[in-house]
Amino acid sequence: MPQILRSWLSDRLSSRRSFLTSSVALTAASVVASGRASRTSAAFQIAEDFAAADIDWQRAAGSAIEVMSMHHAWMHQILPLLPQFTELTGIEVLVQVQSNERYTADLQLALQERKSKPDAFMCWSYPEAVRNGWLEPLDGYLDNPDLCDLAWYDLDDLVPSARTIATWNDQQCYGFPVTAEAETLFMNRQLASTIKAGPPSTFEDLQKLAVSLKSGPVAGIAMRARPSDNASPWPAAGFVFSYGGKILSDEGVVVLDSPEAVEAIDMYGRLLRDAGPPNVGDYDWLECLNDFMAARTAIGCDSSNFAPDIANPDRSLVAGQVYYGLMPSAGPNPPKANIWHWLVGMNANSDHKEATWLFLQWANSKPTLMQMARHGMSTPRISAWQSMGFQKAFGEQAATAALGNLMSADVALMKSAWFHPKAGQILTPFAVGINEVATGKKDAMTAMVEATSKANAAILV
């Protein structure tokens, strides 16, 4: 690097540090005055963390942006941190938080009318927003050294699925993943101890264990089987992927009738028929979680984000007595848990794109996500998952298992179905087939052949 440029960068970074240090000094003084001096060092550390970035955080000072979101843990946890962003950048952030139904309707209308507000929004349907041109491509911002310090931002700190989930078919990135969850096995250790059982490593072991733990009103296992596209397909897909199967082939054809997928759904159905609750055909994630917390079921296999609720003694009868594990394996196939990331993007018609970019970068940075992780927020950053603060809030063993499942995931398998333009027409027949197998109405082969035929008839036109 030429000496003149090195000197310029040094001066620019030094001036930002000077600004931040003086700003935080004022904040620290008020903290001490109110008797909360223990927070001063944390405030200085956060300021230093942002000052370390080769970014002019004040380049859009005086701007005001609007961020819109549904009610979600991410928004509720980032709200208290927004004053830090304003202090850092001089950018005011106005927030709209709405119910899911109202949010989707209002946001779609604003985007369809090409309005400039909101500037940033939580993507209720990332594929729809990209296909309609509602999201600004972000690669140009990531690659612009005036706007992003890639070394500081550290893409390698993101879990693998978070690095690739937002990449669209045109190889452009249109959003930032702000959360991370993975399909994770969890088991009531107290119930398992009655038969001296350890955690299962294979699906066959899981099936035997679940049957052994079914006793009277207590189910051996509870998993989603409701015939809805947003219910049973997500956990059942983790079985399909772990058996070596796919929902769609590389050519875009539904292949749920493959031997691997049929065997996976046969196992999913057997578990629920032989060891599940009586009305399992009506179960979605909430029924599974509630049954597990009430000790009405011994085993579950669903989102890692269940862990904070399960560990809450005010809500859960099994707090402190749960084992969390990796997805089981099927023969020589490596386990592949299903995963999910919520994404936040920039309105393509925003009038304040630089300011919005600074917000997105700040919101997904290590310092910000580390603060959210201390409250148990499952973020897309490996460093946050491995931090002591997160492991204390989320549970050390739960965090280790969930991160292992995140790292094992194949995001391309999930994206091929959930990001498909006709995802609902693929996942609804799949859900119906899962329900039919779980309730004993049809065998796995018949149900998956019919689901495959219906899905392909809908998408291959």
Side-chain angles (χ1 to χ4, degrees), residues 1-27 43-68 78-79 81-95 115-122 135-155 157-158 166 172-178 343-372 381:
M1 179 185 294
Q3 181 61 39
I4 293 176
L5 180 57
R6 184 183 298 111
S7 176
W8 176 76
L9 287 173
S10 176
D11 290 343
R12 196 169 72 152
L13 182 58
S14 177
S15 65
R16 284 198 303 280
R17 281 181 174 153
S18 176
F19 167 79
L20 289 167
T21 301
S22 61
S23 297
V24 173
L26 293 173
T27 301
F44 273 107
Q45 183 58 58
I46 293 166
E48 285 299 306
D49 288 341
F50 284 107
D54 184 22
I55 301 167
D56 179 5
W57 290 107
Q58 287 278 307
R59 65 185 296 125
S63 302
I65 63 171
E66 183 179 298
V67 179
M68 193 171 177
I78 206 167
L79 273 172
L81 304 182
L82 292 179
Q84 291 181 16
F85 175 73
T86 299
E87 185 175 13
L88 174 68
T89 64
I91 300 167
E92 293 292 333
V93 181
L94 308 175
V95 176
K115 291 183 177 179
S116 61
K117 299 293 184 184
D119 298 281
F121 58 90
M122 195 169 187
L135 285 168
E136 175 84 355
L138 300 179
D139 296 78
Y141 298 86
L142 280 165
D143 295 335
N144 185 339
D146 288 334
L147 294 172
C148 180
D149 181 348
L150 279 175
W152 175 84
Y153 184 73
D154 193 1
L155 288 167
D157 185 48
L158 297 170
Q172 287 282 320
C173 169
Y174 292 88
F176 274 178
V178 292
L343 296 108
V344 174
M346 182 193 306
N347 184 351
N349 293 292
S350 168
D351 291 332
H352 304 285
K353 291 184 177 179
E354 281 198 3
T356 304
W357 164 256
L358 291 174
F359 169 78
L360 292 176
Q361 187 176 198
W362 167 84
N364 213 33
S365 67
K366 282 185 182 181
T368 299
L369 293 186
M370 193 67 76
Q371 292 180 80
M372 297 173 75
R381 286 199 172 272

L343 side, atom CG; L135 side, atom CG - distance, nearest 0.5 Å: 9.0 Å
SG on C148 to OH on Y141, rounded to 0.5 Å: 12.5 Å
T368/M372 under side-chain contact (heavy atoms from CB on, under 4.5 Å): CA gap, chis, key distance, verdict: CA-CA 7 Å; T368 299; M372 297 173 75; 4.2 Å; yes
Spacing of D56 atom CG and D149 atom CG [to the nearest 0.5 Å]: 12.5 Å
Test side-chain contact (heavy atoms from CB on, under 4.5 Å) applied to L79 - qualifying residues, sequence neighbours left out: M75, L82, V95
Check against side-chain contact (heavy atoms from CB on, under 4.5 Å), M122 and M68: CA-CA 7 Å; M122 195 169 187; M68 193 171 177; over 6 Å; no
Intermediate values then yes/no, side-chain contact (heavy atoms from CB on, under 4.5 Å), I46 and Q84: CA-CA 9 Å; I46 293 166; Q84 291 181 16; 3.7 Å; yes
For the student: nearest non-hydrogen atoms of D49 and P367, plus distance: CB-CG, 3.6 Å
Reported CD1-to-CG distance for the pair I65 and L94, which is rounded to 0.5 angstrom: 8.5 Å
From L142 atom CG to L360 atom CG, the distance as rounded to the nearest 0.5 Å: 10.0 Å
Residues that Q172 engages under side-chain contact (heavy atoms from CB on, under 4.5 Å), provided they are two or more places apart: P137, D139, D170, Y174
Qualifying residues under side-chain contact (heavy atoms from CB on, under 4.5 Å), relative to K117, sequence neighbours excluded: E66, D119, H352
Distance flag, aromatic centroids of F176 and Y153, threshold under 6.0 Å: yes
Main-chain N/O of L88 paired to Q58 side chain as donor or acceptor, under 3.5 Å: yes
For W357, side-chain hydrogen bond (donor to acceptor under 3.5 Å, both in side chains) partners two or more places apart: none
With sequence neighbours excluded, residues passing side-chain contact (heavy atoms from CB on, under 4.5 Å) with A60: S63, I91, A355, L358
Whether R381 side chain and N364 backbone form a donor-acceptor pair below 3.5 Å: yes
Side-chain heavy-atom pair F50, I55 within 4.5 angstrom cut-off: no
Spatial distance of atom CG (D146) from atom CD (E354) [nearest 0.5 Å]: 8.5 Å
S365 side chain to W362 backbone, donor-acceptor under 3.5 Å: yes
Side-chain (R59) to main-chain (T89) donor-acceptor, under 3.5 angstrom: no
Student check: side-chain heavy atoms of F85 and V93 closer than 4.5 Å: yes
Pair listing, salt bridge (Lys or Arg N to Asp or Glu O under 4.0 Å) test, anchored in residues 360-371, at least two apart: D154-K366
Full working for side-chain contact (heavy atoms from CB on, under 4.5 Å) between K115 and N349: CA-CA 6 Å; K115 291 183 177 179; N349 293 292; over 6 Å; no
Atom of T356, atom of A120 and distance for their closest heavy-atom approach: CG2-CB, 3.8 Å
